[in-house]
Amino acid sequence: MAQSEGIERLITILEEEAPHLLEKREKKERRVGLPELKNAKKGKVVLRFAPNPNGPLSFGHARGIVINGTYAKEFDGELILRFDDTDTSIKPPLLSAYEEIPNEAEWLLGFKPHRIIIASDRIDQYYSYARQMLEQDFGYVCNCSADEFRQFRIGKINCRCRGQDKNLNLQMWEKMLDGTYKAGDAVVRVKTGMELKNPALRDWPALRIQDTEKNPHPRKEIGSKYRVWPLLDFQSAVEDHLQGVTHIIRGKDLMDSTRKQTLLYQHFGWKYPETMYWGRVKVHEWGGFSTSQMRKDIEAGKFEGWDDPRLPTISALKKRGITADALRNFWIELGITQKDISVPLATLYSHNTKKIDDFAPRISFVRNPKEIQLEGDYPKSISVPVHPNVESMGDREIDVSNSKIYIESSDFGDAKIRLKGFADFDFDGIKANHVSTERSDKRPIVHWVSEDSKIEACLIFPDDGKLTRIHGVLEKNNYDIGTTLQLERIGYGIMIDKSTILFTHE
RNA sequence: GCUCGUAUAGUGUAGUGGCCCAUCAUAAAGGACUCUCAUUCCUUUGACCCGGGUUCAAAUCCCGGUACGAGCACCA
């Protein structure tokens, strides 16, 4: 029709028949922030973040806190911080983490988690559900060895314990509890089906025995009190139900956990929470690390502590001057995709710069100082702004009456330079002759520190697993420890004591 | 081996059949501003894994391939 009667005729028809087809659709807005939470009702959302307290939080944990916490806040819901401390030998908990983790979570979020649950306080609860599982015959006590059962799992073969009478199971359960069975002798399994096509789901273990005489739980109130301990999939499933968790957001390595737990929920007649998954995140500069490994390295003295600036822990990042805001924005920007990604630190630094630049006082730090003798008729006292864009931060006064200053050795060599905020000088050896106080040409501008207002100081760069200390002279100041500064022409740093600055980033 | 998942510029990310010769950020390059190699601003470069299919129309749906990752622990 367009060819025979012309496009105008078509438009006329459309205008009469279906005007909406002609409307130019609005360009869709780009989604910002976190994706929609399925089935989330304001005020009725309960999320949780469940670390193993085998060390303080690291960079990756921040994702769990930020994402879950942000949703909780967005929906006027609750965030549960849960310590999944049910292993006493392979990943034993670290006592100090029980105190540090809530503090770090609060620092990151700006609010305290609404509930704190410690799994090791809840063992009796888990026992009662384990018993119920046996009584209702959807669980059994299995005393096959782990090796034997592996073969059964591969071969889709029911093990000899599977068909036991439930009364026998309950007797065996008592033997687990009273110590007749030792670690490795028996486990409680969930009857999910050995014929399931996903081998990970076949009659998975729910509780096992640990030798807590040999490896007591580090919390003294728990110690060797229990020998039967729930495994993660069981403990987490029961606790999520007990706490009324509505949404679980976690790593995709736990996808099969969801499936295992869903089968358990079906047995109990519970409804499984909505789940979302994220992929693995690697930081280009850090590569792989694990809490257990860091713990070993710290204990071996390779690092100064959990907040050693070379470590990817929350405390180290905080110490280095990375703000909670930056960390939060960083994780929210990455979102919740299931892709395994590798991100450069530059992305985090860029978020951090946005947060600190307006508040970071400018200050001069001269690395490898070269002493210079000033000559000529120049002002003996000068004043430069603390921040070039923020007048209210005032000025810093610098006394140069004794005519001795320092510049960086690497800046020494140009015949003509301008001392920033001061004056133009021409060099004659280490003597600098005053040329003009106003800028007289396009000569390079360098920062400097005067002899009268210098502090001997040290700048620490965390670099490639090493801490590089660079000695130099710092402009004298009254900033408090913990102040984030911008070292002119170097980058941001944080004052960790009056004569030491820890480099944050460029 | 079995099971599950993911694939958009260098790096991240938006996009749920026509608004897409694809968004935004970051990185890189160039420029403006600036008495910092900072901040701010502007410009440029740059991507839908491959092959089929469905459809008038596919980044988007389906099938196959490839690549990468995860689970199959009496760890979390």
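Since the model is a prediction, treat every value here as computed from it, not as a measurement. Each chain gets a letter, A, B and so on, in the order the sequences are listed, and its residues count up from 1.
Between G17(B) and C61(B), the two C1' atoms lie 8 Å apart (nearest whole Å). C42(B) and C24(B) are spaced 12 Å apart, taking the P atom of each and rounding to whole Å. Rounded to whole Å, the separation between the P atoms of U26(B) and U34(B) comes to 23 Å. When the C1' atom is used for both A9(B) and G5(B), the distance is 24 Å, rounded to whole Å. Comparing the same atom, P, in U13(B) and in G52(B) gives a spacing of 29 Å after rounding to whole Å. Straight-line distance between the C1' atoms of U40(B) and A7(B): roughly 37 Å, to the nearest whole Å. Using C1' as the reference atom, U55(B) and G69(B) are 33 Å apart when rounded to the nearest Å. With C1' as the reference atom, G53(B) and U60(B) are 15 Å apart, rounded to whole Å.
Going from atom CG of Asp233(A) over to atom P of C74(B) covers 11 Å, rounded to whole Å. Rounded to a whole Å, the CD atom of Glu391(A) is 16 Å from the C1' atom of C35(B). For the pair Ile398(A) CD1 and U36(B) C1', the interatomic distance rounds to 13 Å; values are reported in whole Å. Taking atom CG of residue Asn352(A) and atom P of nucleotide U39(B), one finds them 12 Å apart after rounding to whole Å. Between the CZ atom of Arg202(A) and the P atom of C2(B) there is a distance of 11 Å, rounded to whole Å. Counting to the nearest Å, the C1' atom of U39(B) and the NE2 atom of His387(A) are 7 Å from each other.
Leu231(A) comes within contact range of the sugar-phosphate backbone alone, with a heavy-atom separation under 4.0 Å but no base atom that close. Across all strands shown, Pro51(A) has no heavy atoms under 4.0 Å from either base or sugar-phosphate atoms. Residue contacts for Thr86(A): at a heavy-atom cut-off of 4.0 Å it reaches the sugar-phosphate backbone alone, with no base atom in range. Here Ser236(A) lies out of heavy-atom contact (under 4.0 Å) with every strand. At the heavy-atom level, Tyr492(A) lies under 4.0 Å from the strands shown only through sugar-phosphate atoms. Counting any heavy atom pair closer than 4.0 Å across all strands shown, Gly184(A) reaches a base atom. Backbone-only contact: Lys197(A) has heavy atoms under 4.0 Å from sugar-phosphate atoms and none from a base. Contacts of Arg418(A) with the nucleic acid, taken as non-hydrogen atoms under 4.0 Å apart, include base atoms.
RNA chain B is contacted by Lys354(A), Asp357(A), Arg362(A) of residues 354-364 of chain A, taking any non-hydrogen atom closer than 4.0 Å.
Remark: Pro385(A) pairs with Asp395(A) by the side-chain contact (heavy atoms from CB on, under 4.5 Å) rule, at least two apart or across chains. With sequence neighbours excluded, the residues forming a ring pair (Phe, Tyr, Trp, His ring centres under 6.0 Å) with Phe59(A) are Trp286(A), Phe330(A), Trp331(A), listed by chain and number. Residues passing the side-chain contact (heavy atoms from CB on, under 4.5 Å) test with Lys225(A): none are found, sequence neighbours excluded. Residues passing the salt bridge (charged side-chain N to carboxylate O under 4.0 Å, His left out) test with Arg396(A), sequence neighbours excluded: Glu475(A), Glu488(A). With sequence neighbours excluded, the residues satisfying ring pair (Phe, Tyr, Trp, His ring centres under 6.0 Å) with Tyr492(A) are His505(A). For the ring pair (Phe, Tyr, Trp, His ring centres under 6.0 Å) test, no residue two or more places apart in sequence or in another chain qualifies with Trp306(A). For Asn477(A), the side-chain contact (heavy atoms from CB on, under 4.5 Å) partners are Ile363(A), Ile455(A), Leu474(A), Tyr479(A), Met495(A), not counting sequence neighbours.
Nearer the 5' end of RNA chain B, as judged by each residue's closest nucleotide, is the contact made by Ile445(A), out of Ile445(A) and Asp147(A). Between Pro230(A) and Asn198(A), the residue anchored nearer the 5' end of RNA chain B, judged by the nucleotide with its closest heavy atom, is Asn198(A).
Each of C74(B), U26(B), C75(B) was ranked by its minimum atom distance to the side chain of Ser350(A); first place goes to U26(B). For Pro199(A), whose side chain is taken as the heavy atoms from C-beta onward, the closest listed nucleotide among C2(B), A76(B), U36(B) is C2(B). Closest to the side chain of Ile90(A), from the set U39(B), C75(B), C74(B), is C75(B).
In this model, no donor atom of one side chain and acceptor atom of the other lie less than 3.5 Å apart for Tyr349(A) and Glu506(A). In summary, the side chains of Tyr272(A) and Asp240(A) do not present any donor paired with an acceptor at a separation below 3.5 Å, with no hydrogens or angles considered. Side chain to side chain, Arg418(A) and Ser436(A) fail the donor-acceptor criterion of an N or O pair below 3.5 Å.
If you check distances only, the side chain of Lys91(A) does reach the base of C75(B) with a donor-acceptor pair under 3.5 Å. Judged by atom type and distance alone, Gln486(A) does not reach the base of U39(B) through any side-chain donor-acceptor pair under 3.5 Å.
Stem regions for RNA chain B, each three or more consecutive Watson-Crick or G-U pairs with both distances under 3.5 Å and listed by first number, read B:1-7 with B:66-72, B:10-12 with B:24-26, B:28-32 with B:40-44, B:49-53 with B:61-65.
Applying the salt bridge (Lys or Arg N to Asp or Glu O under 4.0 Å) test to every pair with at least one member in residues 342-352 of chain A, sequence neighbours left out, gives no pairs at all. Pairs passing the ring-ring contact (aromatic ring centres under 6.0 Å, His included) check and including a residue from residues 189-209 of chain A, sequence neighbours excluded, do not occur.
Within 6.0 Å of atom CZ in Arg280(A), 12 or fewer heavy atoms from other residues, nucleotides or ligands are found, so the atom counts as exposed in its surroundings.
A salt bridge is absent between Glu397(A) and Lys476(A); no separation between the charged side-chain nitrogens and carboxylate oxygens falls under 4.0 Å.
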Point to revise | Per-nucleotide protein contact string for nucleotides 5-14 of chain B (B base, S sugar-phosphate only, - none; heavy atom under 4.0 Å) | key: SSSB--SSBS

